[in-house]
Asks: 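Following this message is one structure expressed as structure tokens.
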Protein chains: 2
Amino acid sequence: MPIKEADLARVRELPFLKAASEDTFRRLIQGAFLQRFPAGTTLLTEGDSVDFLYIVLDGTVELSGTWNDKETILALLGPLSTFILAAVVLDASALMSATTRDRSDILMISGETLRRVMHEDAAFSFAVSQELAGCYRGLVRSMKSQKLRGGIERLANYLITQRVRQGNAETITLPHEKRVLASLLGMTPENLSRAFASLADYGVVVNGPLVTIGRLVVLTRLAKPDALIDNHAPDDMRGRGKALLEAWPNQPERMTV
Amino acid sequence: MPIKEADLARVRELPFLKAASEDTFRRLIQGAFLQRFPAGTTLLTEGDSVDFLYIVLDGTVELSGTWNDKETILALLGPLSTFILAAVVLDASALMSATTRDRSDILMISGETLRRVMHEDAAFSFAVSQELAGCYRGLVRSMKSQKLRGGIERLANYLITQRVRQGNAETITLPHEKRVLASLLGMTPENLSRAFASLADYGVVVNGPLVTIGRLVVLTRLAKPDALIDNHAPDDMRGRGKALLEAWPNQPERMTV
DNA sequence: TTCCAGCCTTGATCTATGTCAGGGACGATG
DNA sequence: CATCGTCCCTGACATAGATCAAGGCTGGAA
């Protein structure tokens with residue numbers, strides 16, 4: 001699948017590629033290729049050695065981990081997210097599996113090339129550090145949410161975050177299947193169902209993938225959102241400006257759970 | 001407190017500083033200072049803006065997060081660990097609090113200087129990326145452990161990891177108070193106590209801070225350690241060689257919980 | 001020495017969460 | 001249209017984990 005000019009322009013706007021010199025960018029793109037995958041394709045299995053940096057141009061990718069026949073979703077990535085950057089930088093094997101959830105267009109950049117150009121373009125290298133730092137901080141937030149909050153509270157905060165992202169509409173659309181959301185939030189689908197039921201007392205009405213937050217104040221009092229855990233950066237502020245560089249480094253869809 | 005030559009030599013061996021040029025290193029050190037803190041000193045509170053990169057030269061530092069009057073320990077750092085690097089790179093505020101557990105000697109490097117020299121020394125910048133990538137992957141491991149395993153399994157794996165670290169001796173010494181360990185492992189002290197009691201059936205004998213693993217095979221069958229979650233890199237292999245750069249990037253004491 | 005505070009353990013109890021089983025709604029397919 | 005599969009919800013139950021209360025141990029301070 002040929003890489004269109006428009007695609008190039010889009011990825012060029014990614015903070016960590018924006019910082020790259022013309023030459024660096026050209027070299028990164030030269031060995032890159034763009035591929036379309038159907039839903040459900042496994043791009044990478046945990047333990048695999050990693051040869052490419054992946055960039056989601058379209059679709060959704062799920063990052064998951066397994067142990068002892070159990071699986072958990074660690075992140076859900078939408079367009080203009082990169083993934084597996086840490087493994088590429090260290091030339092190490094993947095700690096997570098990556099699977100497409102929808103049909104997805106993925107740009108793949110040679111890891112070897114990436115490491116090489118990093119040694120020659122300090123500004124680019126710095127931007128990669130920022131990208132990684134943002135990923136790290138996203139995970140710290142998730143970890144805090146996971147260890148400090150109960151399931152209902154995690155869900156309540158998820159809903160509030162989605163609400164902000166979706167323009168503060170009273171009714172939001174869940175961007176993923178409920179069982180996927182459950183795994184992301186660290187609970188079983190059954191439990192998520194019950195958690196939604198509990199939230200009825202707080203003005204939350206569920207209708208399939210549509211969730212109406214009737215009394216935001218009440219829900220917020222339960223959720224107790226925290227700037228050091230939750231990341232409410234709205235859609236149209238993502239990926240722009242230093243203040244928000246950290247907020248949604250490269251995973252617009254990654255949820256702080 | 002003056003910075004001794006011996007201290008400089010030690011930090012120079014840190015992978016991410018080893019990659020720095022003489023000039024870069026000199027500039028980093030010029031504005032740095034070394035300070036001794038008593039046990040229990042708060043170096044940084046979550047939400048604070050971060051002006052320095054911290055390096056533990058001696059002692060122990062605890063990284064913790066709070067929400068709704070609850071607290072959890074996210075990492076425990078021993079000598080030659082850096083911390084708060086991600087916030088420094090992004091010039092963002094801290095997501096975790098940092099507190100000394102023992103009397104500790106801490107080297108503080110100006111964050112502003114660090115960012116500046118990164119723009120001029122690509123090799124150094126790359127090494128910082130590797131450091132951050134290692135931190136990120138450490139957290140991914142923790143997250144998987146937290147979401148996929150139960151408390152007893154987390155403890156069992158912790159013990160096995162410690163055993164490897166402490167030279168495969170049958171009896172290991174817990175490096176921290178049990179209530180601290182409990183928080184790190186994501187459980188209450190009471191529960192940790194009971195978890196230890198359960199492990200008696202698997203040949204684990206506890207005597208204060210001394211833990212004897214009588215039948216490693218039996219314990220291992222319970223723990224099901226996994227190379228993609230647990231990090232068994234022994235003490236004398238830390239911080240050396242590319243293969244292990246990732247393993248214990250900068251937190252020799254950080255536990256994958 | 002005596003006293004006290006902090007740490008750890010233990011038992012009883014409660015709550016949150018997981019597991020299992022059943023059934024309804026919906027959409028794809030024949 | 002009928003059927004099947006998937007997703008989701010719900011109830012009953014089991015288990016893990018948290019909480020509360022009490023008591024033992026130990027090490028430092030008076």
Side-chain angles (χ1 to χ4, degrees), chain A residues 38-40 60 62 66-73 101-103 145-158 173-202 204-211 222-223 257, chain B residues 38-40 62 67-73 99 101-103 145-158 173-201 204-211 222-223 257:
Chain A
T60 312
E62 158 193 316
T66 62
W67 179 76
N68 196 29
D69 295 325
K70 286 197 280 277
E71 171 175 337
T72 189
I73 295 177
R101 296 230 111 257
D102 310 325
R103 158 139 70 63
S145 184
Q146 191 66 39
K147 287 180 80 175
L148 291 167
R149 305 215 262 229
I152 297 180
E153 294 154 338
R154 288 199 296 276
L155 174 59
N157 279 291
Y158 175 87
T173 307
L174 298 178
H176 312 285
E177 284 166 347
K178 292 211 182 77
R179 68 196 173 80
V180 169
L181 179 56
S183 180
L184 185 66
L185 292 172
M187 53 178 113
T188 58
E190 293 95 326
N191 242 319
L192 176 63
S193 233
R194 286 187 259 271
F196 269 122
S198 315
L199 289 184
D201 301 342
Y202 297 85
V204 174
V205 178
V206 183
N207 197 321
L210 263 39
V211 178
L222 168 71
V257 286
Chain B
E62 159 193 315
W67 178 76
N68 196 28
D69 295 324
K70 285 198 279 276
E71 172 175 336
T72 189
I73 296 177
T99 312
R101 296 229 112 257
D102 309 324
R103 159 140 69 63
S145 184
Q146 191 65 39
K147 286 180 79 176
L148 292 168
R149 306 215 260 227
I152 297 181
E153 293 154 340
R154 288 199 296 277
L155 174 59
N157 280 292
Y158 175 87
T173 307
L174 298 178
H176 311 286
E177 283 167 348
K178 293 211 181 78
R179 68 197 175 81
V180 169
L181 179 57
S183 180
L184 185 66
L185 292 173
M187 52 178 114
T188 58
E190 293 96 325
N191 242 319
L192 176 63
S193 233
R194 287 187 257 271
F196 269 122
S198 315
L199 290 184
D201 300 344
V204 174
V205 178
V206 183
N207 198 320
L210 263 41
V211 178
L222 169 71
V257 286

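Naming convention: chains lettered A, B, ... in sequence-line order (proteins, then strands); numbering from 1 in each chain.
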Asks: Are A/Lys178 and D/dC9 close enough that a side-chain N or O sits under 4.0 Å from OP1 or OP2?
Replies: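 So the side chain of A/Lys178 is within the cut-off, an N or O lying under 4.0 Å from OP1 or OP2 of D/dC9.
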Asks: When you get a sec, tell me which of C/dG18, C/dC8, C/dA12 is the closest nucleotide to the side chain of A/Arg194?
Replies: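 When the side chain of A/Arg194 is considered, C/dG18 is the closest of C/dG18, C/dC8, C/dA12.
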Asks: By nearest atom, which of the nucleotides C/dT10, D/dT10, C/dC8 is closest to the A/Ser193 side chain?
Replies: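 Side chain of A/Ser193 sits closest to D/dT10.
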Asks: How long is the line joining CE of A/Met187 and P of D/dA16, in whole Å?
Replies: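 Rounded to the whole Å, the gap is 20 Å.
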Asks: Identify whether any heavy atom of B/Gly151 sits under 4.0 Å from a base atom; if not, whether one sits that close to sugar-phosphate; answer base, sugar-phosphate or nothing.
Replies: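 Sugar-phosphate, backbone atoms only, no base.
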Asks: If you look at every strand shown and take non-hydrogen atoms under 4.0 Å, does B/Glu177 touch a base, only sugar-phosphate, or nothing?
Replies: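 Sugar-phosphate: the residue B/Glu177, judged by heavy atoms under 4.0 Å, touches backbone atoms but no base.
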Asks: How bent is the helix from C/dT1-D/dA30 to C/dG30-D/dC1, measuring the angle between the end axes built from five pairs each, rounded to 10°?
Replies: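 Taking five pairs per end, the axes differ by 20°.
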Asks: Could you check which of D/dT10, C/dC8, C/dT9 has an atom nearest any side-chain atom of A/Ala197?
Replies: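 The answer is D/dT10.
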Asks: Taking only N and O in the side chain of A/Asn191, is any of them less than 4.0 Å away from OP1 or OP2 of C/dT17?
Replies: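 No, no such contact exists.
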Asks: Which residue in the set A/Ile73, A/Leu192, A/Thr188 passes side chain to side chain contact (heavy atoms under 4.5 Å, CB included) when paired with A/Ser183?
Replies: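 Of the listed residues A/Ile73, A/Leu192, A/Thr188, the side chain to side chain contact (heavy atoms under 4.5 Å, CB included) partner of A/Ser183 is A/Ile73.
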Asks: Please state whether the phosphate of C/dT17, meaning OP1 or OP2, lies under 4.0 angstrom from any side-chain nitrogen or oxygen of A/Thr188.
Replies: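 The answer is no; no side-chain N or O of A/Thr188 sits under 4.0 Å from OP1 or OP2.
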Asks: Under the side chain to side chain contact (heavy atoms under 4.5 Å, CB included) test against A/Phe196, which residue among A/Val205, A/Val206, A/Ile152, A/Asn191 passes?
Replies: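 Among the candidates, only A/Val206 passes.
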